[in-house]
Every structure is written in C-alpha cells, then in structure tokens.
Student: 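One structure, pasted below without further comment.
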Amino acid sequence: MIRNLLIANRGEIAVRVARTARRLGIQVTAVYSDSDAQAMHVDYADAAVRIGPESAAESYLNIEAVIAAARESGADAIHPGYGFLSENARFAEACAEAGLVFVGPSAQAMRDMGDKAASKHVMEKAGVPLVPGYHGDDQTIETLSAAAIDIGFPVLIKASAGGGGRGMRIVERETDISEALDAARREAMGAFGDDRVLIEKYLTTPRHIEVQVFGDNHGNVVHLFERDCSLQRRYQKVIEEAPAPGMSQARRAEIGAAAVAAAKAIDYAGAGTVEFIVDATHDGANGPFYFMEMNTRLQVEHPVTEFVTGLDLVEWQIRVAEGDPLPLAQDEIVLNGHAIEARLYAEDPARDFLPAPGHVLAFEAPVGEATRVDTGIRTGDDIAVAYDPMIAKVIAHGADRDGAIAALDQVLADLVCVGPITNQAFLRRAITHPEFVAAHLDTGFISRHGDALLAEPPGGLEPALIAVSAKVLAERQVTALELSLIHISEPTRPRLIS
Ligand code: ADP
Ligand code: ADP
Ligand code: MG
C-alpha cells in the first residue's frame with residue numbers, strides 16, 4: 001500500500017493527481033521550485049519540499065533533488081505526472097534504487113517506446129500496422145535519400161528521439177531531401193542530443209486518433225477506447241475528444257485490439273497511450289490507421305476518457321503500482337456519451353500564439369456536474385515564463401457530441417480569466433465552427449480555418465467577465481500600473497450553440 005505519494009510535477013497535473021491520492025487516503029508530498037513556493041499545487045499537499053531554483057533543469061528535472069525530497073518527506077512512492085521526468089527511464093530506475101514505488105511503467109518499457117525508431121521495430125514484430133517509411137539504423141544520407149524516394153513524396157522526417165511536436169520536417173520534392181536531412185539532423189542534435197532520424201510517408205489529410213491502454217503486473221491489458229486529437233497547431237494538440245467522431249464499432253474494436261497488442265508486446269503495466277495516424281482522405285475515422293508512437297505515461301487529455309468511461313485513471317495507476325490487478329475486464333468497460341477538452345493557454349492568437357505569461361487578476365471557473373476545469377492557478381497567481389503557459393484544461397461531457405460541444409462552449413463562456421491574454425475566444429470559435437460541429441476534422445483544421453478562428457468578433461464582453469472585472473477592481477486596490485497591464489482577453493462572440 002502506498003501511504004505517502006510524492007508528486008514530481010507542478011501545475012494542474014500535480015493538483016489533479018493530489019485530488020485522487022487524497023481521496024484514496026494517501027498523504028501527498030509536493031515539490032516546488034523557488035518560483036512555485038506559493039503555487040496552488042503546494043497548497044493541495046500535506047507537505048512540500050523545495051527542490052531548486054526556477055529553472056526546470058535544476059528543479060523539476062533534477063532526479064537527485066526529487067529523490068532527496070522523497071527521502072526527506074518519508075514518501076514511499078512517486079507519481080511523475082506528464083512532461084518533466086515522466087518518460088525518463090533513468091528516473092524510474094533511480095526510484096527503484098531508492099526503494100520508492102514509481103507510479104508508471106517499467107524502465108524497460110519506457111526504453112522500448114522512448115525512441116520512435118526502436119518502438120517501430122517492436123510494433124512491426126507485434127504485427128501492428130506502421131506508416132510506410134524508413135526507421136533503419138543506416139543513417140547515411142544516401143540510404144535516407146533513397147528511402148525517401150522509395151516512399152514517395154511528400155515525406156516527413158522525424159527525430160527518432162523526438163517529442164512534443166519538435167524536430168519534424170515535411171519534404172515535398174526530391175531536390176530538397178539532402179538539405180532537409182541535414183537541417184533535421186542538426187535540429188535533432190540540438191534539441192535531443194541525438195541526430196538519428198526516421199522518415200515517414202506524409203499523410204495530407206490525417207486524423208490523430210490514439211487509444212488509452214492500461215496494463216497490470218499480472219499480464220492483463222485493456223483499452224479504454226480512443227481519443228481524437230486532430231485539432232492541432234504545429235503538431236500540438238489543442239482540442240481533444242472521445243470517442244472519435246464517425247468511428248464505427250467495428251473499427252473501434254480493431255484499433256483497440258491493435259493498441260492492446262502494442263502494449264502486450266512490451267509487457268506494459270500502468271497507463272499508456274498508443275498514438276495512431278489515420279488516413280482520413282476517404283473514410284474519415286474509419287480510414288487505414290498506422291502506429292505512430294506510444295507515450296508511456298498519463299496523457300494531458302486523459303479527462304475526456306475519464307468522462308466517457310466514468311473511471312479515475314490516476315486511481316487505476318495507483319492501484320496498478322500497488323500490485324493490484326486491473327479493476328475491470330475489457331467487457332466491463334463501457335463507453336458513455338461524448339466528452340471534449342479544450343486547452344486554455346496564456347497566449348496571443350493574434351500574434352501567432354505567442355506565449356503571454358503574466359499576472360492573473362481574476363480566475364473563476366464555473367462548477368458543473370458534466371463539466372470540469374483542471375487548473376493549477378488561482379486569482380493572484382503569476383503564470384511563469386519558465387514553464388508551459390497552459391492555464392487550464394476545460395472539459396465537458398454530453399449525452400452526444402452536440403451536447404458536449406454546447407456544454408463546453410457554455411463553460412468557456414462562463415470561465416473568467418482576467419490578466420493574461422488567452423486563447424479563450426479562439427477555442428470557442430473553434431468548437432462552434434460549422435465544420436467542427438459537422439466533425440469534418442483533420443490535423444489541418446486550424447490552419448485551414450485560421451481566418452474564421454482569428455476573426456475579430458462582433459459584440460461586447462461576456463456579462464460574467466464584466467461582473468468579475470468590476471468586482472476585482474472594487475475589491476482590490478488596483479494600481480495604475482496594474483491597470484495598464486490588464487488585458488481583458490479579446491471579447492468572446494455570442495454563443496452559437498446554447
Ligand atoms: P500529450 O499527448 O499528453 O498532450 P504532449 O506531446 O503534448 O503529449 O506532451 C505533454 C507534455 O510533455 C507537454 O507539456 C509537452 O510540452 C511535454 N513534452 C513532451 N515531450 C517532450 C520533450 N521531448 N521535451 C520536452 N517536453 C516534452
Ligand atoms: P510527437 O512525439 O512530437 O508527439 P508524433 O510522431 O506523435 O510526435 O507526431 C505528432 C503529430 O505530427 C501528429 O499528431 C500528427 O499531427 C503529425 N504527424 C505525425 N506523423 C505524421 C505523418 N506521417 N503524416 C502527417 N502528419 C503526421
Ligand atoms: Mg505524439
């Protein structure tokens with residue numbers, strides 16, 4: 001049994017993991033960098049340990065400091081959240097060496113999947129379909145160029161060690177290949193300290209559909225259905241939903257089985273996500289699907305799966321880490337309704353989504369039965385430049401997709417975030433766009449509809465926003481300087497759906 005869980009993370013995910021741990025009667029230890037001493041995730045914990053200065057490399061990525069914090073606080077387990085050390089095999093080993101339970105898969109499973117090229121070799125053996133491409137060890141320009149020509153243009157070059165949407169390059173023509181390979185390898189070396197690349201056929205109308213899997217240490221693996229994460233900007237997810245609109249029952253069973261086979265191939269235990277790319281040109285979500293990569297951790301967008309299955313994935317992670325078998329068998333996991341998540345960021349859509357960190361003068365999230373706002377910030381907090389500028393994940397559940405869209409639009413309308421510039425209005429335009437409502441999705445959606453999504457909206461401020469802004473100004477002695485810094489996020493247009 002885990003008695004004291006150290007959460008090696010910050011922000012919304014640290015708060016979210018703490019909620020479940022506390023509900024299960026587990027003590028929570030937080031860690032924090034100097035700039036997070038007053039952060040919400042620290043308040044949510046029973047104890048908190050400083051692990052270093054603001055720089056993530058010296059704090060949240062510092063394995064020795066995190067392990068020392070666990071010793072100091074008497075923690076017997078570590079949950080890594082996502083990002084930071086969550087996919088670091090050396091960290092999982094360091095936990096084991098220190099006698100701590102790592103709430104995640106084995107170091108070996110992380111190594112098997114941590115490298116995109118290596119993971120493809122494993123999946124090939126397991127019979128999981130791959131995107132046509134080259135992921136061999138021979139990295140000479142001649143071999144790579146020949147492979148690209150063989151695959152047929154356009155192709156996508158990816159860093160084998162890559163992640164977070166970085167280090168990818170589309171090559172349209174044969175004459176560009178050697179220059180693109182050079183540049184991609186330089187980029188990969190700079191970003192990941194590893195210049196190996198792989199080449200894939202570049203799909204021009206793809207959907208990103210991923211499957212949530214769960215394994216235990218008794219040989220059981222199940223899937224918790226799929227998520228469609230096709231609304232992306234620069235290969236980064238913006239809106240995610242479950243289930244994938246338009247996917248047939250037969251295809252759902254097939255892609256779920258492929259994901260389970262992928263997880264079984266590496267004796268996977270814990271929460272994982274098998275990402276597929278679907279060629280949506282002819283059959284939408286039911287087009288051919290190909291394995292892309294596996295993320296060996298809890299995913300940012302796990303709440304949509306929690307809504308449609310009614311399960312708490314962090315609870316499952318903890319139970320599996322404690323050695324329990326999976327709580328449910330495959331046929332006991334039922335899909336109910338539809339859920340959509342939008343990532344609220346401190347960023348300026350009008351300035352190419354430039355991060356816009358700053359002081360939060362007011363943050364008020366509506367509370368509802370079928371809605372959820374996961375956040376790590378409160379009124380008065382600062383969004384630090386040093387970390388990811390995500391403010392909150394806003395999630396809504398409905399009996400069907402239209403219901404989920406309406407509910408999500410309502411939460412986004414009622415949510416108040418005064419201070420930083422955010423993408424709040426952009427998100428509302430995205431989910432109420434007729435093409436989104438019609439579920440005409442692919443990864444090009446945001447760039448294709450950029451003009452409509454960025455358009456200066458008609459109408460004034462939301463009443464809720466005006467009320468809270470007035471309250472903030474009245475309650476606090478707002479200085480002239482602060483006033484000049486207030487940027488009320490661009491007004492949101494009247495609801496299309498309600
Ligand atoms: P998800 O599918 O869970 O959204 P992402 O690829 O967006 O996965 O990554 C989740 C978090 O981890 C993000 O905050 C992202 O910035 C971070 N992340 C993922 N991979 C890397 C990496 N290789 N280097 C740095 N940060 C990463
Ligand atoms: P990361 O580790 O950065 O998440 P992925 O391999 O998961 O890298 O790819 C990230 C995104 O890039 C996908 O969600 C998809 O939008 C796009 N992408 C990846 N592979 C292809 C491909 N072969 N064709 C078209 N788009 C792709
Ligand atoms: Mg990915």
Side-chain angles (χ1 to χ4, degrees), residues 82-84 86-88 110-123 128-135 144 147-148 150-172 180 184 187-188 190-192 194 196-213 226-241 244 255 259 262 271-281 284-285 287-302 341 343 388 441-448:
Y82 58 74
F84 295 127
S86 62
E87 294 181 274
N88 187 312
M110 283 188 207
R111 290 216 167 87
D112 286 345
M113 291 296 123
D115 182 279
K116 290 192 205 295
S119 74
K120 291 191 175 204
H121 288 294
V122 177
M123 291 307 134
V128 179
L130 302 182
V131 194
Y134 174 83
H135 48 273
L144 291 168
D150 208 35
I151 295 161
F153 295 92
V155 299
L156 183 62
I157 308 176
K158 288 185 186 176
S160 297
R166 290 185 302 161
M168 295 197 282
R169 229 157 230 275
I170 304 166
V171 189
E172 308 275 359
E187 246 170 63
F192 310 107
D194 181 337
R196 286 169 310 125
V197 296
L198 56 88
I199 305 177
E200 287 178 5
K201 175 89 192 153
Y202 180 72
L203 305 182
T204 48
T205 313
R207 271 165 74 170
H208 173 121
I209 298 182
E210 58 184 36
V211 179
Q212 176 72 54
V213 293
E226 78 285 358
R227 295 182 287 257
D228 192 319
C229 311
S230 298
L231 256 72
Q232 304 184 348
R233 210 184 60 77
R234 296 217 185 103
Y235 310 119
Q236 295 270 24
K237 300 160 184 169
V238 179
I239 311 266
E240 299 110 333
E241 56 187 300
I255 201 168
T273 295
V274 183
E275 295 190 334
F276 295 96
I277 190 131
V278 173
D279 185 344
T281 317
F289 63 87
Y290 309 103
F291 171 84
M292 214 165 26
E293 64 163 348
M294 179 167 181
N295 293 328
T296 53
R297 55 171 161 89
L298 192 67
Q299 205 96 344
V300 175
E301 57 275 22
H302 74 279
E341 169 180 290
R343 300 190 189 191
D388 192 80
L441 311 174
D442 66 78
T443 60
F445 182 96
I446 288 181
S447 51
R448 189 162 60 246

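Every number for a ligand or one of its atoms is a count from 1 in the order of the listing.
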Student: If you measure every N or O of P206 against every N or O of ligand 2, does any of those distances drop under 3.5 Å?
Tutor: no

Student: Identify, with sequence neighbours excluded, every residue that meets salt bridge (charged side-chain N to carboxylate O under 4.0 Å, His left out) alongside D194.
Tutor: R196

Student: With a 3.5 Å distance limit and no angle check, can you tell me whether H121 reaches the backbone of H135 through a side-chain donor-acceptor pair?
Tutor: yes

Student: Below 4.0 angstrom from a heavy atom of H208, which ligand 2 atoms are there? Numbered from 1 as shown, please.
Tutor: 13 (C), 14 (O)

Student: May I ask whether K116 has any heavy atom positioned less than 4.0 angstrom from an atom of ligand 2?
Tutor: yes

Student: The Mg ion (ligand 3) as vertex, arms to OE1 of E275 and OE2 of E293: angle to 10°?
Tutor: 90°

Student: Is there a donor in the side chain of T273 and an acceptor in the side chain of Q299, or the other way round, less than 3.5 Å apart?
Tutor: yes

Student: Would you mind finding which of D279, I170, L156 brings a heavy atom closest to atom 21 (C) of ligand 2?
Tutor: L156

Student: Taking the side chain as everything from C-beta on, heavy atoms only, tell me whether V128 gets closer than 4.5 Å to F276.
Tutor: yes

Student: Check each of R234, E275, Q232, Q236 against atom 15 (C) of ligand 2 and report the one with the nearest heavy atom.
Tutor: Q232

Student: Has ligand 2 got any nitrogen or oxygen that is less than 3.5 angstrom from a nitrogen or oxygen of E200?
Tutor: yes

Student: In chain order, what residues pass the salt bridge (charged side-chain N to carboxylate O under 4.0 Å, His left out) check against R233, with sequence neighbours excluded?
Tutor: none

Student: Under 2.8 Å from the Mg ion (ligand 3), is there an N/O/S atom belonging to E210?
Tutor: no

Student: Hey, which atoms in ligand 2 end up nearer than 4.0 Å to a heavy atom of E293?
Tutor: 1 (P), 2 (O), 4 (O), 5 (P), 7 (O), 8 (O)

Student: Restricting to non-hydrogen atoms, name the atom on M123 and the atom on A262 that form the minimum distance, rounded to 0.1 Å.
Tutor: SD-CB, 3.3 Å

